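Taking it in order: structure first as C-alpha cells, then the write-up.
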Amino acid sequence: MRKAARFIGIGVLLIATGYLGMLAWQTQGPASDNTIGTEVAAKSYLVNPQALSDIQAVVDQRTDLDLSVSLTDLQTGKSYHYGDNSAFTAASIGKLITAAAFMNDVEKGTASLTDSVGNTSANTAIQKMLVESDNTSWAAMKNKVTLDGQQAYAESIGMTTYDAAANTMSSSDVALLLAKLSSGKLLTTSHTGKLLSYMEQANYRGYIVNAIPAGTSVYHKVGLLEDRVHDAAIIKRGDRSYVLVIFSKSPYGAYDFADGASLFGSITADSLRAFF
C-alpha cells in the first residue's frame with residue numbers, strides 16, 4: 001500500500017507539473033501574441049489630417065478651374081477625394097487603360113507582345129505610348145484592343161465612369177486603376193513591372209514629378225489638351241506608398257500651363273506631407 005501510495009503521489013506530481021507547464025505555455029502564448037499585435041499597431045500607417053485639409057483648401061480656392069483630386073493610401077486602401085468627381089475628358093490618361101487592357105489580353109492568351117501593331121511590335125507601341133505619349137502608337141493599340149474591349153476591361157475592374165468612345169473618366173476611377181495595378185491585382189508581376197517601368201520614365205515631368213524629392217519613386221502618366229492638364233501617379237518611399245490623381249481644366253479657354261505646374265506642385269507637396 002505504501003508503495004502504491006508513492007506511485008500515486010508521483011503521478012499526481014507529474015500531472016500537476018504538466019498542468020503548471022501547460023498553464024505557463026498558455027500564459028506565455030497570448031502574451032507573445034499581444035506583443036506582436038502591439039508592434040503591428042505601433043506600425044499603423046497614419047495620415048496627416050492637416051495636409052489633407054490643405055489640399056481641400058487649395059481646391060476650394062481655385063474656382064477658376066474645374067479641379068478634381070483623388071488619393072488612395074496603398075497600405076490601408078482608404079481613398080480621399082476633393083473637388084469635382086464627374087467624368088472629365090481624360091486626354092492621354094486613357095493610354096493607361098489601353099495598355100492594361102492589352103496586357104490582360106496577353107495574359108488570357110488572345111494577344112502577344114510580339115504582335116504587329118502599326119509598323120512595330122505591341123511591346124514597342126506600349127513603350128512609346130506610355131513613355132513618349134505617342135498618339136500614333138495609341139491609335140494603333142486602340143485598334144488592336146478595340147473600344148469595346150477597353151470598355152469591358154474597365155468595367156471588369158470596377159471603373160464606373162469610364163466611356164471608351166468618349167475617353168472620359170473620373171479621377172477616382174483612375175486612382176482605382178493605379179491602386180489595383182500597383183498592388184498586383186490587375187496583372188502578373190512581370191507585366192505589372194513592365195508598365196511601371198515605362199511610367200517611371202514617362203515624359204511631361206513638370207507637374208507631379210517636379211515636386212517629388214530625391215529618395216522617393218514616382219510612376220506617372222500625364223494627359224494634356226489646350227484647355228487642361230491631368231497627371232496620375234503612384235508615389236513610393238520605403239514601405240509607404242499612395243496614388244495621387246489630379247485633373248484640372250480651364251472652363252474659359254486656353255489653359256495657363258505655368259500656373260498649372262505651380263498648382264500641381266502645391267498639391268503634390270501637401271500629399272507628400274499627408275503620407276510621409
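As the structure is a computational prediction, the values presented were derived from the model and not from experiment.
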Residue pair [X] / [Y], side-chain donor-acceptor N/O under 3.5 Å:
{"X": "Asp239", "Y": "Tyr45", "answer": "yes"}
{"X": "Ser170", "Y": "Ser172", "answer": "no"}
{"X": "Thr188", "Y": "Glu107", "answer": "yes"}
{"X": "Lys221", "Y": "Ser133", "answer": "yes"}
{"X": "Thr114", "Y": "Ser121", "answer": "no"}
{"X": "Ser92", "Y": "Trp138", "answer": "no"}

Quiz item: With respect to Phe247, which candidate in Tyr207, Phe264, Tyr255, Phe88 satisfies the ring pair (Phe, Tyr, Trp, His ring centres under 6.0 Å) definition?
Solution: Phe88
Testing the basics here: between [X] and [Y], what is the closest heavy-atom pair and its distance to 0.1 Å?
{"X": "Phe257", "Y": "Leu224", "value": "CE2-CD2, 4.1 Å"}
{"X": "Ala99", "Y": "Leu195", "value": "CB-CD2, 4.1 Å"}
{"X": "Gly253", "Y": "Asp227", "value": "O-CB, 3.4 Å"}
{"X": "His230", "Y": "Ala90", "value": "CD2-O, 3.5 Å"}
{"X": "Leu65", "Y": "Pro251", "value": "CA-CD, 4.1 Å"}
{"X": "Ile212", "Y": "Leu272", "value": "CD1-CD2, 4.3 Å"}

Exercise. Verify side-chain hydrogen bond (donor to acceptor under 3.5 Å, both in side chains) between Thr146 and Asp148, making sure each step is shown before the conclusion.
Key: CA-CA 5 Å; Thr146 77; Asp148 287 345; 5.6 Å; no
Quiz prompt | Flag, side chain of Ser197 to backbone of Lys194, donor-acceptor distance under 3.5 Å | solution = yes
Exercise. Run the salt-bridge test on Asp54 and Arg273 with the 4.0 Å N-O cut-off and return the result as yes or no.
Key: yes
Quiz prompt | Set of salt bridge (charged side-chain N to carboxylate O under 4.0 Å, His left out) partners for Lys128, sequence neighbours left out | solution = Glu132
Quiz item: For the residue pair Phe275 and Tyr242, does the interplanar ring angle fall in the parallel (under 30°), tilted (30 to 60°) or perpendicular (over 60°) class?
Solution: parallel
